[in-house]
Amino acid sequence: MLVTDKMHIGIIGILLGMYMKVQADCEPYIILIREEERCLHELRLHNVSKTPQPDCKGMWDHLNCWSPAFVGETASHNCPDFFKSEGKVDRNCTDTGWTDPFPPYEHACFNETFHLLGESHDSHMYFSYVKTMYTAGYALSLLSLTIAITILCLFRKLHCTRNYIHIQLFVSFILRATFIFIKDSVLFTDEDFYHCDDYPMVCKLVVMFSNYCIMANYSWLLVEGHYLHTLVSISFFSKKKHIWWYIILGWGLPMIVIVSWGLAKYFYEDEGCWETRVHDWVWWILRLPVLLFIIINLVFFLSILRILVGKLQMPDMHGNEFSQYKRLTKSTFLLVTLFGVYYILFAFLPIKVSGLTYKIWTFVELALASTQGFGVAVLYCFLNGEVQYEVQRRWRRWRLKQHLHEEPRQHGSMSQSVSPLTQVSLLPCSGPASLA
């Protein structure tokens with residue numbers, strides 16, 4: 001093959017890759033794979049036949065199949081149908097082999113799609129920026145959630161059912177961020193290659209577990225709402241017994257849903273990396289449970305507000321206790337409202353949108369999704385008054401030890417001066433959180 005012909009193949013590969021990235025489906029890639037297989041099969045049959053050997057051997061140039069020819073013959077092919085071009089490309093058979101295609105493919109077939117290719121470069125840059133943005137957001141969430149779990153596990157006085165539920169919610173967001181990073185590493189190992197249907201099973205499994213983690217986020221928010229409702233409505237209940245039911249609800253129910261969705265995708269929509277949306281009913285397997293979680297949580301909070309208003313009118317209701325319930329309710333209700341509005345808005349994004357609307361919608365969606373874990377860590381840990389007190393107490397104790405180590409002679413007087421501080425009583429962790 002001529003050196004110039006190799007250069008043309010390189011140009012074809014670049015333009016074809018850019019063109020298919022602009023397209024919304026896998027049709028060009030699939031067609032070319034089938035055409036290449038058919039071409040190579042026909043050429044093998046011709047080689048084993050007893051017909052006179054031609055001067056120019058048949059070949060596949062990544063777009064068309066050129067049959068064997070003799071010197072002086074001219075072969076002509078139309079541009080592939082998916083380019084939607086009526087152009088033709090010719091090659092002459094000479095003593096040195098096939099000539100370069102004339103007119104070149106980029107002139108004969110791509111003229112009508114060059115405006116799309118120009119937009120493709122801008123789109124590629126846009127998605128690179130978006131990917132960098134949500135990667136930073138998930139990294140921030142991952143770091144803040146890890147710190148929050150460490151704090152809740154490190155301080156013994158923070159060990160209680162309420163914080164155990166918080167930890168499970170944090171873990172679900174950590175898993176979500178982790179699988180997003182894994183999915184990106186699987187999908188974007190080679191950004192210049194359009195994978196189309198050539199995805200390995202591991203890619204589909206990663207997408208499946210990513211959706212599982214998203215469902216776990218909402219199921220554990222439902223657990224948060226139910227636990228808070230139980231606190232304000234029932235005076236005495238077994239927290240140890242409830243935590244096991246919460247674990248089954250928080251992790252088990254999403255597993256049942258995601259397995260059902262995976263089976264539906266495998267049997268009815270096994271395309272790409274399971275991110276396509278051909279049959280709406282398949283995606284409703286995921287949407288419906290999340291919407292139910294959101295609606296049930298809203299029902300819980302309406303009931304909680306009714307109970308708190310009733311307790312406020314009771315003469316034996318302590319103001320401090322009511323304030324604690326109100327703060328915990330406010331934080332959880334804020335999360336459920338934000339997550340619910342977010343999901344309802346973005347879960348029903350039309351599949352086929354284009355232009356500036358799509359770019360703005362995608363940017364806002366991924367910005368909010370990637371920082372949700374950070375918001376959860378802030379509301380349930382960093383702004384928690386009980387957590388802040390424990391951290392400050394440990395910090396003062398460490399500073400005191402450092403000071404005593406530097407001035408051992410003042411050990412007695414310093415110990416006496418700090419004893420009132422160390423005996424400040426905390427609210428029991430089994431009660432509601434003291435959130436800032």
Exercise for review: Kindly say whether the aromatic ring centers of Trp220 and Phe173 come within a distance under 6.0 Å.
Suggested key: no
Check your understanding: Hey, does the side chain of Asn64 reach the backbone of Trp60 with a donor-acceptor pair shorter than 3.5 angstrom?
Key -> no
Check your understanding: Do Trp274 and Asp270 pass the side-chain hydrogen bond (donor to acceptor under 3.5 Å, both in side chains) test, and can you show the C-alpha distance, the side-chain angles, and the key distance before you say yes or no?
Key -> CA-CA 7 Å; Trp274 286 7; Asp270 191 13; 2.8 Å; yes
Point to revise | Steps toward side-chain hydrogen bond (donor to acceptor under 3.5 Å, both in side chains) verdict (Glu224, His166) | key: CA-CA 8 Å; Glu224 294 276 0; His166 293 344; 2.7 Å; yes
Check your understanding: According to the interplanar angle, ranging from 0 to 90°, do the rings of Tyr134 and Tyr138 count as parallel (below 30°), tilted (30 to 60°) or perpendicular (above 60°)?
Key -> perpendicular
Practice item. Mind telling me whether His279 and Trp281 have parallel, tilted or perpendicular rings, with 30° and 60° as the class edges? Key: tilted
Review point. Just wondering, do Val207 and Lys183 contact through their side chains at under 4.5 Å, heavy atoms?
Key: yes
Check your understanding: Run the side-chain hydrogen bond (donor to acceptor under 3.5 Å, both in side chains) check on Trp66 and Asp61 step by step: do they pass?
Key -> CA-CA 8 Å; Trp66 300 89; Asp61 68 353; 2.9 Å; yes
Practice item. Output the distance between atom CG (Asn163) and atom CG (Leu169), rounded to the nearest 0.5 Å. Key: 12.0 Å
Review point. Do Tyr212 side-chain atoms and Trp251 backbone N/O form a donor-acceptor pair below 3.5 Å?
Key: yes
Review point. Would Arg156 and Glu390 pass as an ion pair if we require N to O under 4.0 Å?
Key: no
Practice item. Using a 4.5 Å cut-off on heavy atoms from C-beta on, say whether the side chain of Val391 contacts that of Phe155. Key: yes
